[in-house]
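This report concerns only the one structure given below.
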Amino acid sequence: MVAILALALFVIFIYPHPIKSSTTTQFYVEDKFTQDHEHWIRGYNPDLNPRHEIALLVSDQPEWNSISVDQLYILTYYSEGESAPELVEIVTNK
């Protein structure tokens, strides 16, 4: 019984779980590209100094097609552990 309790506590508190996060930010798109049949955008938050560029996976091709380079957007992206961050929602920042 003690062994089962110890194992349960280990799994809950000690075993590493991937960190999951959702971020909403301004995002200036510098580049769009396709790599290994996946669509990506690369850019940065213009309010951060120093500038930190990231690449976001865009799983919806029509949405990727509608994104313009050299344009400022407000977007939300999701990341989990070491996986590439993925675009969730994007709107033009007017």
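Bear in mind that the values here come from a model prediction, so they are computed numbers and not experimental data.
At a cut-off of 3.5 Å, with distance as the only test, a side-chain donor of Y28 or D70 sits close to an acceptor on the other residue. Side-chain contact check for S79 and E86: no donor-acceptor pair (N or O, by modelled atom type) lies under 3.5 Å.
With rounding to the nearest 0.5 Å, the separation of CD1 in I90 from CZ in F27 is 8.0 Å. Between H39 atom NE2 and H37 atom NE2 the span is 10.0 Å, to the nearest 0.5 Å. Distance check: L56 CG to W40 CH2 gives 8.0 Å after rounding to the nearest 0.5 Å. Rounding to the nearest 0.5 Å places OH of Y78 at 14.5 Å from CG of L87. Between the CD1 atom in I74 and the OG1 atom in T24 there is a gap of 9.0 Å [rounded to 0.5 Å]. Between atom NZ of residue K20 and atom OG of residue S83 there is a gap of 10.5 Å, rounded to the nearest 0.5 Å.
With a 4.5 Å cut-off on side-chain heavy atoms, Q71 and T92 count as touching. V88 places none of its side-chain heavy atoms less than 4.5 Å from the side chain of S22. Using a 4.5 Å heavy-atom threshold, the side chains of I67 and Y73 count as touching.
With hydrophobic clusters built from ILVMFWY side chains whose heavy atoms lie under 4.5 angstrom apart, I41 shares a cluster with I54.
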*Begin with the C-alpha distance, continue with both residues' side-chain angles, and end with the deciding distance and a verdict on side-chain contact (heavy atoms from CB on, under 4.5 Å) for L75 and E89.*
CA-CA 5 Å; L75 58 75; E89 183 177 16; over 6 Å; no
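Minimum heavy-atom separation, P85 to A55: CG-O, 3.5 Å. Pairing each heavy atom of V29 with each of S68, the nearest pair is CB-O, 3.7 Å.
Screening residues 27-51 for salt bridge (charged side-chain N to carboxylate O under 4.0 Å, His left out) gives E30-R51, D31-R42, R51-E53 as the qualifying pairs, with residues at least two apart or on separate chains.
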